[in-house]
Amino acid sequence: MTVDQILIKYIVVRTQGSPGKGAVVEDQILIVDDEPNIVQLARMYLERESYRVAAVGDGKAALQEVERLKPALVVLDLMLPELDGLEVC
């Protein structure tokens with residue numbers, strides 16, 4: 001499976017389409033993945049569409065960031081250090 005296919009599988013946009021370049025998006029998306037390449041690519045695609053993006057690399061940090069940021073969307077890997085994605089849910 002390519003990284004693009006992984007992103008297509010995991011990225012869900014809350015609105016009916018992307019806001020487009022130059023648009024201001026108030027909602028933040030949190031990416032939770034311990035693979036830096038996945039995080040980097042997901043961040044690049046989302047920021048290119050003007051989404052605000054935060055990222056963490058483990059389940060424990062994900063819980064802290066969800067509490068702090070109150071993101072509109074969490075892109076969550078299942079196999080994570082500390083706490084796995086199912087425990088985070």
Side-chain angles (χ1 to χ4, degrees):
M1 182 177 278
T2 68
V3 175
D4 286 343
Q5 290 169 323
I6 292 169
L7 287 174
I8 290 168
K9 183 176 177 183
Y10 287 106
I11 294 176
V12 178
V13 179
R14 201 169 72 133
T15 61
Q16 291 184 347
S18 63
K21 293 194 184 299
V24 177
V25 179
E26 296 297 323
D27 294 335
Q28 186 153 28
I29 297 174
L30 176 62
I31 301 170
V32 184
D33 201 307
D34 59 333
E35 293 290 331
N37 294 342
I38 301 285
V39 172
Q40 182 181 10
L41 188 60
R43 180 187 295 274
M44 180 187 71
Y45 278 117
L46 291 167
E47 287 178 345
R48 185 171 60 188
E49 296 298 325
S50 301
Y51 288 100
R52 294 183 326 145
V53 178
V56 294
D58 65 67
K60 194 172 188 178
L63 291 176
Q64 294 169 344
E65 287 299 281
V66 165
E67 183 66 30
R68 185 177 76 81
L69 297 174
K70 309 279 192 264
L73 174 71
V74 177
V75 180
L76 180 63
D77 186 17
L78 292 179
M79 296 176 59
L80 295 167
E82 299 293 327
L83 296 171
D84 68 32
L86 293 176
E87 292 176 294
V88 171
C89 286

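Atom CD of residue Q28 and atom CG of residue L69 lie 5.0 Å apart, to the nearest 0.5 angstrom. Once rounded to the nearest 0.5 Å, the distance linking CG of L63 with CD of E87 reads 9.5 Å. How far CG of D84 is from CG of L78: 7.5 Å, rounded to the nearest 0.5 Å.
Here the shortest heavy-atom pairing between V39 and A55 reads CG1-CB, 3.5 Å. The minimum heavy-atom distance between P81 and D58, with the atom names listed, is O-CB, 3.4 Å. Contact record, A72 with D27: CB-CB, 3.4 Å, taken as the closest heavy-atom pair. Shortest non-hydrogen contact noted between G57 and L80 is O-CD2, 4.2 Å.
No donor-acceptor pair closer than 3.5 Å links the side chain of E67 to the backbone N or O of Q64.
For M44, the CE atom sits in a packed shell: over 12 heavy atoms of surrounding residues, nucleotides or ligands are nearer than 6.0 Å.
Among pairs with a residue in residues 29-43, those fulfilling salt bridge (charged side-chain N to carboxylate O under 4.0 Å, His left out) read R43-E47, at least two apart in sequence or across chains.
Qualifying salt bridge (charged side-chain N to carboxylate O under 4.0 Å, His left out) partners for E82, counting only residues two or more places apart in sequence or in other chains: none. Partners of V56 according to the side chain to side chain contact (heavy atoms under 4.5 Å, CB included) rule, which considers only residues two or more places apart in sequence or in another chain, are L30, V32, A61, A62, E65.
Side-chain contact check for V66 versus V74: some heavy-atom pair is nearer than 4.5 Å. In this structure the side chain of P71 never reaches within 4.5 angstrom of the side chain of I29, judged on heavy atoms.
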